[in-house]
Number of protein chains: 2
Amino acid sequence: MEKQTVTIYDVAREAAVSMATVSRVVNGNPNVKPATRKKVLDVIERLDYRPNAVARGLASKKTTTVGVIIPDVTNAFFAQLALGIDDIASMYKYNIILANSDENGSKELQVVNTLLAKQVDGIVFMGNKIGDDIKQEFKRAQIPVVVSGFMGEEDNLPSVSIDYVAATKEAVTNLLNHGNQHVALVTGPIDQAINGKYRLNGYKQALEAAGIEFDDASVFGTNESYDAGYKLAEQLQNSDISAAFVGDDELAAGLLNGLTDRGVKVPEAFEIITSNDTKYAEVTRPKMSSVTQPLYDIGAVSMRLLTKLMNSEEVDERNIILPHGFVERDSAK
Amino acid sequence: MEKQTVTIYDVAREAAVSMATVSRVVNGNPNVKPATRKKVLDVIERLDYRPNAVARGLASKKTTTVGVIIPDVTNAFFAQLALGIDDIASMYKYNIILANSDENGSKELQVVNTLLAKQVDGIVFMGNKIGDDIKQEFKRAQIPVVVSGFMGEEDNLPSVSIDYVAATKEAVTNLLNHGNQHVALVTGPIDQAINGKYRLNGYKQALEAAGIEFDDASVFGTNESYDAGYKLAEQLQNSDISAAFVGDDELAAGLLNGLTDRGVKVPEAFEIITSNDTKYAEVTRPKMSSVTQPLYDIGAVSMRLLTKLMNSEEVDERNIILPHGFVERDSAK
DNA sequence: GTGAAAGCGCTAACAC
DNA sequence: GTGTTAGCGCTTTCAC
């Protein structure tokens, strides 16, 4: 049994028209007489013809495929972004090549390269510290890239995110207002801009506004996992810190449970505010107060922005900040 | 500034060899004299030539891309599978086109079609009830498909999963042994084979072995969400049911919290065993006892199986069952 | 409104 | 070992 692919040529022959005409009807080009169109459509139906997207991609230099570089699919934060991206992508008839980067520079570079080799029409990038080598590739490839879920850097790739500085400042101020003299900033790796730059900035601004001196020892860069949070509990228990703003929900859940298991009452003896309002914030007991981010929307807007860029449309704002909010629950007073 | 793509032809000219030779060195074909190879490699380096995967795909009829159809990226169960799939895929130099299906038949069909149009070399399918229309497409396309995370059906597509019948039977037996006379089966939609067929079967087998009559009213098919579980709590509280085996961790977390919030003590007054041992099982208080599944491995093995199939290698077992286990935590006695 | 023909960038016989 | 030459299946000028 041979795989007998029906090509555009077969359709043309059967319909007694040229390939060009078939191509026109397949692509919805209006310059076809209705009668001809119908004739072609009938043959397509009869032969069950399906256009080959690869051939089309080669001829047109457009693949209607975009690359999505994600640090970790299993992280609820990124998964939520990915959902928004995917929805809008399919709305605009794009497919997504999903590539896990492990937030690892060399893997990222490799992934970018294979994405470019596959001739994607654009890329949605999740992650900070976009290496120079990667920027180089982006430039060379001349395709649009939008950074999703992270604030744009000075080099100014288009981006969509919330204002992490402001969000952090508000949350920390909140904690400070509850009378906590020592508030920790607990995040993922501090060498990532979102942590070491934006969140740290917001944190410092809050302290300054409250007239409290910044102490390096109150900043904890972790590997952003449940276990890291759980382990951190001991360290915090044995310090004068009585509250923490945490950059990731799993991390916060770990910290919360670690504290609770060690007999530290939350929020009475220790307050926690987390960042992403994913399901984890509702599952823990007490439920966690959290900054809220329109995660799905960030993904969706990122993809929408990318479609405009791919289409060479005007965009008035390349660095989009979506509004954040706050839900008060039971992990803070 | 024009995007000046360097082609294999440019390399050939500069290196004073034929395209064929360039193609050979690019593809690691041994039939090239080392000196020639070096010469070509130098030119490739100098020109910074990058093969165009689309053109290659058209010429070779292989895209080194596989489609992955996933019901919901934001579900920890599927995300974990996806991680295993992606890791093995990149190990074997395949890229992944990730497509969300929402576990919705018509979306699935559409997604399968665009995947096939893109000439993927194979497909990993997550989901039950593979519609006849979809099976039709798979057959027609003549590409390998493996079902991941769900047990193969009689129609017998290759698959990788645990034995859901046995796992369910064990968990329910466990609950029965604790003296519960009325044990509920709480799952996602019952019209999905994994629920209505395998889990239900295991459930019935456990009841039968214990000499307890099956009661339809103890089976709850839900939409498999945290909220669905939370809402179900009321219903269960007002019944004679005192334990539940739950098919999804978020669902179980919802049920657990719903019960707790209504003053029902777990596990004293109500026992819960969940299914996937994702982070949710550890985050809740009490922590949840759970069937354990090697999720990452299921994904990884699925992809590995697919590579063999795509490579027309012999496979001795098309329906692979991976071992499951059980972790005892605090939601069951 | 439609067709002819030249590619798109590469692989894969086949010949030498 | 290396080169020649057809394609792969489609889009896209450019004529008519």
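So you know, we letter chains A, B, ... as the sequences are listed, proteins then strands, and number each from 1. Just the heavy atoms: all of them, side chains too, but no hydrogens, waters or symmetry mates, feed the values below.
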If you only use heavy atoms from C-beta on, which nucleotide in [options] is closest to the side chain of [X]?
X	options	value
B:Leu58	C:dG7, C:dC10, D:dC8	D:dC8
A:Ile8	C:dC10, C:dC8, D:dC10	D:dC10
B:Thr36	D:dT2, D:dC10, C:dT2	D:dT2
B:Val17	C:dG9, D:dT11, D:dG3	D:dG3
B:Ala20	D:dC10, D:dG3, C:dG9	D:dG3
A:Arg56	C:dC8, C:dA12, D:dC10	D:dC10
A:Asn31	C:dT2, C:dT11, D:dC10	C:dT2

In whole angstrom, what separates [X]'s [atom1] from [N]'s [atom2]?
X	N	atom1	atom2	result
B:Gln119	C:dC10	CD	P	19 Å
B:Asn27	D:dT2	CG	C1'	15 Å
A:Lys118	C:dG9	NZ	C1'	16 Å
A:Asn29	D:dT13	CG	C1'	13 Å
A:Leu47	D:dG9	CG	P	14 Å
B:Tyr9	D:dG3	OH	C1'	13 Å

Given that B:Lys61 and B:Ser18 both sit by DNA chain D, which one's nearest nucleotide is further toward the 5' end?
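Its nearest nucleotide lies further toward 5', so the answer is B:Ser18.
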Check whether any side-chain heavy atom of B:Asn311 sits under 4.5 Å from a side-chain heavy atom of B:Leu309, and report yes or no.
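No; the side chains remain at least 4.5 Å from each other.
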Evaluate whether atom CD of B:Glu45 has more than 12 neighbouring non-hydrogen atoms of other residues, nucleotides or ligands under 6.0 angstrom away.
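Not buried by this count: 12 neighbours or fewer within 6.0 Å.
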Strictly below 4.0 Å: does [X] bring a side-chain N or O up to OP1 or OP2 of [N]?
X	N	result
A:Asn52	D:dC8	no
A:Tyr49	D:dC10	yes
B:Ser60	C:dA12	no

Can you find a donor-acceptor pair, distance only, under 3.5 Å between B:Arg24 side chain and D:dG3 base?
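By the distance-only test, yes, there is a pair.
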Taking the nucleotide of DNA chain C with the closest heavy atom to each, which residue, A:Pro34 or B:Ser23, is nearer the 5' end?
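With A:Pro34 and B:Ser23 compared, the 5'-side residue is A:Pro34.
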How do A:Met19 and A:Arg37 order along DNA chain C: which one's closest nucleotide is nearer the 5' end?
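Checking each residue's closest nucleotide, the 5'-ward one belongs to A:Arg37.
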Check this for me: does any side-chain nitrogen of one of B:Asp132 and B:Lys135 sit under 4.0 Å from a carboxylate oxygen of the other?
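Looking at B:Asp132 and B:Lys135, the cut-off is met.
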Any salt bridge between B:Arg50 and A:Glu137, counting N to O under 4.0 Å?
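Judged by the 4.0 Å cut-off on N to carboxylate O distance, B:Arg50 and A:Glu137 do form a salt bridge.
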Aromatic plane relationship, A:Phe150 with A:Phe78 - under 30° parallel, 30 to 60° tilted, over 60° perpendicular
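Aromatic pair A:Phe78/A:Phe150 classed parallel.
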